[in-house]
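A, B, ... follow the sequence lines: proteins, then strands. Residue 1 opens every chain. Worth knowing before you read on, the calculation uses all heavy atoms, side chains too, and leaves out hydrogens, waters and symmetry mates.
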Amino acid sequence: MGFFSVLGDIYQILKHTFRQVFMRPFTYFFPFEDRIYPERTRGRHIHVRKNCTACAQCVRACPVVAIRIDKEDKMYEKDAALYFDYTRCIFCGLCVEACRFDALFHTPVVDLSEGDRDDLVYGPDKITTLDRDPLEWRGRRFR
Amino acid sequence: MSESTGITASTLARQIINRHPQVSSRPLGTNEIELVVPSDKIRGVVTMIDENVHDALPESIFGIDLENDKYELIYIFWSHSNRMLVQLRVSLEGERPEIDSTCDIFPGFEWHERETREMFGIEFKNHPDPRLLLLPDELEGVFPLRKRFQTDQSRLDETGIAPPKARPKTGGDDE
Amino acid sequence: MSPDILDEAMEIWFGPQHVSAHGWATKLTLVGDYVVECDPNAGYFHRSAEKVLEYKNFRQGSLVLERMCMLEAFLAEYPYVAAVEKIAELEVPERAKIMRTIMMEMSRLHSIQFWWGQFNAELGFFTMALWPWVDREYSLDAFEELTGSRHTVSYSTPGGVKYDFTDKVLKQLDRAIKRFEDRLPKFRDMQMGSPTFRARTKGIGQYTVKQGLKWGLSGPPIKACGVPMDLRKDAPDPNLAYNMCDWEVPITENPDHPGESDALDRMEQRFKEAETSVQIIKQLLPQLPEGPIIDPKARAKANRLPEGEAYARVEGTRGITSLWLKTQDKAQTAYRAKIRGPCIASYYALKDLVPGAKFADFIVIFGSLDPYPGWWDR
Amino acid sequence: MQFDFFTWLAGIPDWIYGILQWIYHLIMGIFFWAWGVIEWLWASVFAPESFMFLFRAVLFPGLIFVVLTLIWAVWFTRKLWGRIQDRRGPVHMGKYGGLQLFADAIKLIAKENIIPDNAKRWMFRFLPGLLLVVVLLPFCFIPWDFDYWFIADLSVSLVLVFAFLTAVPVVALLAGWVSGSKYSLIGGFRAANNQFAAEIPMIISSVGPAILAGSLSLMGIAQAQTSVWFAVLLPINLATFLVAAIASVGIFPFDAPVADSEIIFGWRTEFTGIYFTLTYFAEFAEQMLYSALIVALFLGGPVGLPFLPGAVNFIIKFIITFFFFVLVSSSFQRLRQDQIVHYCWKYLLPLALLNVVIAMLAIVYLPGIAALLPLGGP
C-alpha cells in the first residue's frame with residue numbers, strides 16, 4: 001500500500017540524517033587550519049628581477065591591464081620594475097605563460113586580503129619577495 | 001517524436017528555393033547549409049523551416065555590423081533528429097534597418113530579436129514586446145555593438161610600455 | 001482571463017534583491033495564490049561580453065567565455081577555442097582531445113552537483129543542499145590540482161590544453177568519481193525517495209517536446225521529455241573524444257505523460273546525466289595515450305587568424321552552448337563573436353510555463369530548468 | 001473686637017509651630033504608611049513559602065531557566081544542523097561556539113531598527129515583544145517535577161496552554177499585515193494557514209492523554225503516567241503530535257510562512273535588529289514549549305530513573321525530544337501551503353482519532369491495562 005511505502009521512505013531518510021549526526025564534519029577550522037595548496041595554484045605572483053629582461057611580454061599578454069612596467073627602475077643590468085594591481089588581476093596565468101625568461105611565477109599564496117585598497121597594488125618591493133607583515137586581529141595571528 | 005521526416009539540408013534548400021527563387025544557398029559542411037535570404041522573404045523561409053522540419057530548434061538570431069550602415073542578420077536553426085544545421089543570412093542597409101519579426105513562428109526568437117534591436121538598432125516589425133532586454137534605460141538608442149560605439153581604452157595608457165600601435169581597423173578599434 | 005480578475009491582482013517583483021534571485025528579476029502578477037502573468041526580466045548580470053571579445057586576442061578570449069558560467073568553466077570556454085581552431089585549421093593532439101573530454105565531463109558532473117544542491121536549497125532542504133556540495137569539493141580539488149584554479153580554470157587553449165595530467169591529478173579524479181558513486185544510492189533515497197520532494201515536483205512545470213523546442217530549450221530540460229537529443233551524439237566534434245567510448249544518451253520517460261517532462265523528470269534526468277558523465281570518464285581514462293598536449297605551431301597560428309567564419313557548439317550542462325566567430329584577415333581580435341547561452345531559452349520559457357502555477361511553485365519551475373543568469377545576460 | 005498688634009505678633013510662633021506640626025504629621029503619616037507597606041511586602045516575600053515561589057517563578061523552572069534553555073536550544077539546533085549538513089556549526093565564540101548566540105544577540109540589538117514607511121509604527125514595535133511573551137507564558141504550567149519544582153498547576157492548564165498558542169499565528173498575521181510589505185502579508189497568511197492546518201490534529205492528539213488521565217491539567221496527566229507512559233498506549237498520537245507541532249511552529253518541512261526562497265522571510269521580512277531577535281527567539285521558544293508538552297503528555301513527565309530528581313529526568317527527556325525536533329526538521333523538502341493543509345487534515349487527523357479509539361478499546365477489552373491508569377481497575 002502506498003501509505004506504508006511512504007512511511008518506509010521517511011524512515012530511510014531519517015536513518016540517513018541520523019547517521020550523519022555522528023560523522024566527522026567535512027569542513028575545517030579555517031583561520032587556524034588550512035589545506036595544502038597544490039603546486040600549480042595560481043596565487044599571487046613573484047617577480048625574479050635577476051632573470052627579467054624588461055621585454056614587457058607579460059604586460060602585453062595581460063587581458064585586464066593589471067600590470068604596469070617601469071623600465072627606468074633598474075636593479076640589475078636590463079631588468080624593470082613591475083607593479084601588479086591585484087584589484088584587477090584575474091589570475092588567468094597568461095603573463096606567466098608569456099614569460100620566456102623564468103622571471104615571473106605564480107605562488108600558492110592566495111590570501112591577499114588587505115585593509116586598504118591601495119595596498120593591493122604590489123610594487124617592486126612587494127612583488128619580488130614572499131615576506132610580508134603578519135596579519136594580527138584581536139591578538140591572534142593569522143599568517 | 002517517433003515520426004522522422006528524414007529531411008536533409010540540401011533537400012530543404014531545394015524546397016525553399018523552389019518556393020522562393022530569390023534565395024541562394026551555400027554548403028557549410030556535412031548537412032550544414034547557409035541560405036542567403038532577401039529581407040522581405042524571411043517570414044516565408046522561416047515558416048517553411050517550421051513546416052518541413054518537425055524538431056527545428058531556434059538557436060539564435062544575431063546581427064553583424066559591416067560598417068557604413070551595412071548589417072547582416074544571421075538566423076541559426078538546428079534539427080537534432082536530422083542532424084541538420086540551417087543558417088540564414090540576411091543583408092540589411094540603412095541607419096535603422098527594418099525586418100519582419102519571426103517570433104510568432106518561433107517564440108524562442110523573441111529575446112534574440114529584442115537583443116539585436118537594442119544592440120544594433122535593427123527594428124523588428126510587429127514585435128510584441130520591443131523593450132530593452134539587457135541594457136539600462138539610459139543606453140536606449142546608443143546601440144553598443146555597432147562598430148562606431150567608442151569604448152573606454154584609457155586603462156591601456158597605464159601600462160608604462162609605449163602606447164600600443166593602432167590596431168588594424170579590422171580589429172574593431174576605431175581610434 | 002477577464003479584466004475583473006486582474007483588478008484584484010497583486011504584482012510582485014521576484015528579485016533582483018530576493019534571496020534566491022541572484023542576478024535576475026521576474027515580475028509576477030498574482031491572483032490569489034496563482035500566477036496569472038510572468039514577465040522575466042534580464043540584464044542585471046550584463047557584462048557586455050560580446051563587445052569585450054572584440055577587443056581581446058584569441059588567447060585571451062576563452063577567459064571571457066569561462067566567466068560566463070564558472071560552474072561549467074571547462075565546457076563554457078570550449079566553443080571559443082573550437083571556433084578559433086576551426087578558422088586557424090589547427091590540429092589537436094590525441095592526448096589533448098581525451099584530456100579535454102574528461103575535464104569537460106568532470107565539469108558537467110560538478111555543475112550538476114552544484115545545481116542539485118541549489119535546487120534543494122530552493123526547496124527548503126538545506127541538508128541535501130550541502131551534501132552534494134561536499135562531493136563537489138572533491139571535483140574542485142581535482143580542478144585545482146590540474147589547473148591551479150578552482151573555478152576560472154582557463155584550461156583549453158587553441159591547439160590543445162595548457163596543463164598536463166600528473167599522477168596526483170589522476171588520483172584526485174578517481175577520488176572525486178569514487179566519492180560520487182559511493183554516495184549515489186544514499187542520495188537517491190534522500191531525493192527520489194523523499195515523499196515531500198515528489199509532492200513538490202510531480203506535475204509541476206510540465207511541457208511537451210514541441211513546446212520546448214519552440215522556446216529553444218536544449219540539453220537536460222528537453223532530454224527529460226524522453227527524446228535523445230544530445231549534441232555529443234548528434235554533432236560529434238572531431239576535436240573531442242566522445243566517439244571513442246561507448247555510451248547512450250540518457251533520457252527520462254514520464255510514465256503518465258509520454259513526451260512531456262515535469263520537475264521530477266528533470267531531477268531524474270540530472271541523475272542520469274551525472275551517471276553518464278562518470279561512465280564516459282571511466283572509459284576514457286585508460287585510453288589516455290602518451291604524446292604532446294598542444295600543437296607546437298598553435299601559438300604562432302592563433303596569433304593572427306585568416307578571414308573566416310566559424311560556428312562551434314558544445315553540449316553544455318544546461319544545453320547547447322555555442323559561439324559564432326567572424327574574423328577578418330590577419331586580425332588579432334575577433335570581428336564579431338556571438339555567444340549563445342542555453343539558459344536564454346529556459347529563462348524565456350518561464351513566460352509561458354509559469355502562468356497557472358501556484359506562487360510557491362514558481363521557484364520550483366525556475367530551479368528545475370537550471371537557468372544561470374550569466375548565460376542569458378552575457 | 002479690637003486688633004491688638006502685639007498679641008498678633010506674639011501669636012506668630014504658635015502659628016508657625018502649628019504649620020510645622022501639620023507638615024510633620026503629614027510626612028510621618030506617609031512614612032509610616034510606606035513603612036507599613038514595605039514591612040508587609042518584606043514579610044510576605046521573605047516568608048519561606050512566598051520567597052520560594054518567587055524563586056521558582058523567576059529563577060529555576062521559571063523565566064531565567066527558560067531563557068537559558070532557549071539560548072542553549074539555539075546553539076544546539078545550529079550545531080546539530082551543522083553536523084547533519086557536514087559542517088561544524090558555530091566554532092569561534094567561546095568553547096565550541098557556545099557564546100555565539102550572545103555575540104549574535106549583541107550584534108542584532110546594536111543594529112539600527114529600520115521601520116518601513118508603510119508599516120503601522122506602534123504595532124510594528126509592539127508585536128514582536130508580545131509574541132515572545134505569549135510564547136514564554138505557557139512555560140509556567142509545565143510540570144517539571146511532581147512535588148516542589150513547578151510553578152503553577154491549574155485544573156485546565158492544557159486548555160490554557162493551547163489558548164495561548166493559538167494567539168501566536170494571530171500575532172504573526174498581524175505582524176505581516178502591519179509590516180506594509182507584500183512578502184510579509186503573504187507570509188502572515190501562510191502562518192495563519194499553518195495553524196489552521198495543524199491545530200486540530202494537535203488538539204485531537206492531546207485528547208488521548210487527557211482522556212486516559214481523566215484530567216485536563218498537565219500535572220494530572222504527568223502524574224497519571226507513573227505506571228505506564230502514554231507513549232506506549234498512544235504511539236501514533238505521539239507521532240501525530242510531533243508532526244503537527246512542527247507544522248504549527250512553522251520550521252523546516254512546514255516552513256511555508258517563512259520560506260526564504262519564495263517569500264524572502266515571510267512575515268519576518270521587515271523586522272530588523274531587536275525585533276528580529278525577539279521573533280527569532282519566539283520561534284525557538286515555541287519549539288521548546290512543544291518539546292516540553294510532548295514530554296509531559298506522552299513521555300511521563302518527571303517519571304523516569306528513580307535515583308534522579310524529577311526535574312533532571314524531565315530535562316533529559318526534553319533534550320531527546322528536542323533532538324528529534326531538529327532531526328525531523330532537517331530531513332525533508334518544504335511542503336506547499338495547500339499540501340500542508342491536505343496532509344494535516346487527511347492523514348494526521350484520522351490517525352490521531354484512530355489511536356484514541358484503539359486505546360479506549362484496549363482499556364475496555366484488555367483487563368490489565370485499566371489497572372495501570374488512574375481510571376481505576378477492578
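Contact between A/M23 and D/R83 at its shortest, heavy atoms only, is O-NH1, 4.2 Å.
For the atom pair D/S331 OG and A/I13 CD1, the distance stands at 7.5 Å (nearest 0.5 Å). To the nearest 0.5 Å, atom CZ of residue A/F18 and atom CZ of residue D/F324 are 6.0 Å apart. Considering OG1 of A/T17 and CD1 of D/I84, their distance stands at 6.0 Å, rounded to 0.5 Å.
Atom NZ of A/K50 has 12 or fewer heavy atoms from other residues, nucleotides or ligands within 6.0 Å. Counting heavy-atom neighbours within 6.0 Å of A/F22 CZ, excluding the residue itself, gives a total above 12. For D/K111, the NZ atom counts as loosely surrounded, since its 6.0 Å shell holds 12 or fewer non-hydrogen atoms of other residues, nucleotides or ligands. The 12-atom threshold is exceeded at CZ of A/F105, counting heavy atoms of other residues, nucleotides or ligands nearer than 6.0 Å. No more than 12 heavy atoms of other residues, nucleotides or ligands lie within 6.0 Å of CZ in A/R100, so this atom counts as exposed by the packing criterion. Residue A/Y28 qualifies as enclosed at atom OH: its count of foreign heavy atoms under 6.0 Å is above 12.
Contacts between residues 231-250 of chain D and chain A, counted as heavy-atom pairs separated by less than 4.5 Å, involve no residue at all. Of all residues spanning residues 341-356 of chain D, those with a heavy atom less than 4.5 Å away from chain A's heavy atoms are D/Y347, D/L351, arranged by number. Taking non-hydrogen atoms and a 4.5 Å limit, the residue list of residues 36-43 of chain A in contact with chain D is empty.
With a 4.5 Å cut-off on non-hydrogen atoms, D/L80 touches chain A through its side chain but not through its backbone.
In this structure a side-chain-to-backbone donor-acceptor pair under 3.5 Å is missing from D/R88 to A/P25.
Qualifying ring-ring contact (aromatic ring centres under 6.0 Å, His included) partners for D/F332, counting only residues two or more places apart in sequence or in other chains: none.
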